[in-house]
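Along the sequence shown, residues carry numbers from 1. On a predicted model such as this, the values are computed, not experimentally measured, just so you know.
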Amino acid sequence: MQRIKKGDTVQVVAGRKESEGGDRGKTGEVLRVIPDKNQAVVQGVNVRTKHQKPSMTNPQGGIIKQEMPVDMSKLMPVDPATKKPTRVKIKTLADGTKVRVAKSGEQLDK
């Protein structure tokens, strides 16, 4: 079971500080998870500018901002109760389903 899923709110906990031009400390929603590369695309994190040449589909061209994947080891889910990054445990309920639980005991899966 994945510790981070699409739609989760996560915080970047490793890398350069935001004041140094990095992404550490930023929070955002997970847009896409790439499990075979152990990466995730997070909204507003690791944004790169791409220069687009004019083409038939985009006759104007221009500069496009695009989120790039971040390694999941640098991300931690945000606990809904405390609004701080938290470690995740996997707990099996009485009916046999597995759910993700924050360190505070708050359930992350709805």
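- The line from CE of Met76 to OG1 of Thr9 is 14.5 Å long, rounded to the nearest 0.5 Å.
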| task | Carefully, step by step, assess Ile4 and Val10 under the rule side chain to side chain contact (heavy atoms under 4.5 Å, CB included). | result | CA-CA 8 Å; Ile4 296 174; Val10 294; 4.0 Å; yes
| request: Run the numbers on Arg48 and Lys65 for side chain to side chain contact (heavy atoms under 4.5 Å, CB included), then give the verdict. | output: CA-CA 6 Å; Arg48 299 291 178 248; Lys65 294 198 179 283; over 6 Å; no
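- Contact detail for Pro35 and Val33: the closest heavy-atom pair is CD-O, 3.3 Å.
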| task | Could you check Val70 against Val41 for side chain to side chain contact (heavy atoms under 4.5 Å, CB included), going step by step and ending with a plain yes or no? | result | CA-CA 6 Å; Val70 180; Val41 178; over 6 Å; no
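- With rounding to the nearest 0.5 Å, the separation of CZ in Arg32 from CD in Gln39 is 9.0 Å.
- Taking a cutoff of 4.0 Å between a charged side-chain nitrogen and a carboxylate oxygen, Asp23 and Lys74 do not qualify as a salt bridge.
- Listed for the Lys5 side chain is no donor-acceptor partner under 3.5 Å among the backbone atoms of Gln2.
- A side-chain donor-acceptor contact under 3.5 Å links Glu67 to the backbone of Gly44.
- A donor-acceptor pair under 3.5 Å is formed between the side chain of Asp71 and the backbone N or O of Ser73.
- Side-chain atoms of Arg24 come within 3.5 Å of backbone N or O of Gly15 as a donor-acceptor pair.
- The same ILVMFWY cluster, assembled from side-chain heavy atoms under 4.5 Å apart, contains both Leu93 and Val101.
- Note that CD of Gln11 and NZ of Lys83 are 12.5 Å apart. Values are rounded to the nearest 0.5 Å.
- Within the model, atoms CE of Met72 and CZ of Arg3 stand 11.0 Å from one another, a figure rounded to the nearest 0.5 Å.
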| request: Please test Val42 against Leu75 for side chain to side chain contact (heavy atoms under 4.5 Å, CB included), starting from the C-alpha separation and ending with a verdict. | output: CA-CA 9 Å; Val42 182; Leu75 303 174; 3.9 Å; yes
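- Once rounded to the nearest 0.5 Å, the distance linking NE2 of His51 with CD1 of Ile63 reads 4.5 Å.
- If you take CG on Asp8 and CG on Leu108, they are separated by 6.5 Å, rounding to the nearest 0.5 Å.
- Contact detail for Thr86 and Ala102: the closest heavy-atom pair is CG2-CB, 3.8 Å.
- Side-chain atoms of Asp109 come within 3.5 Å of backbone N or O of Arg100 as a donor-acceptor pair.
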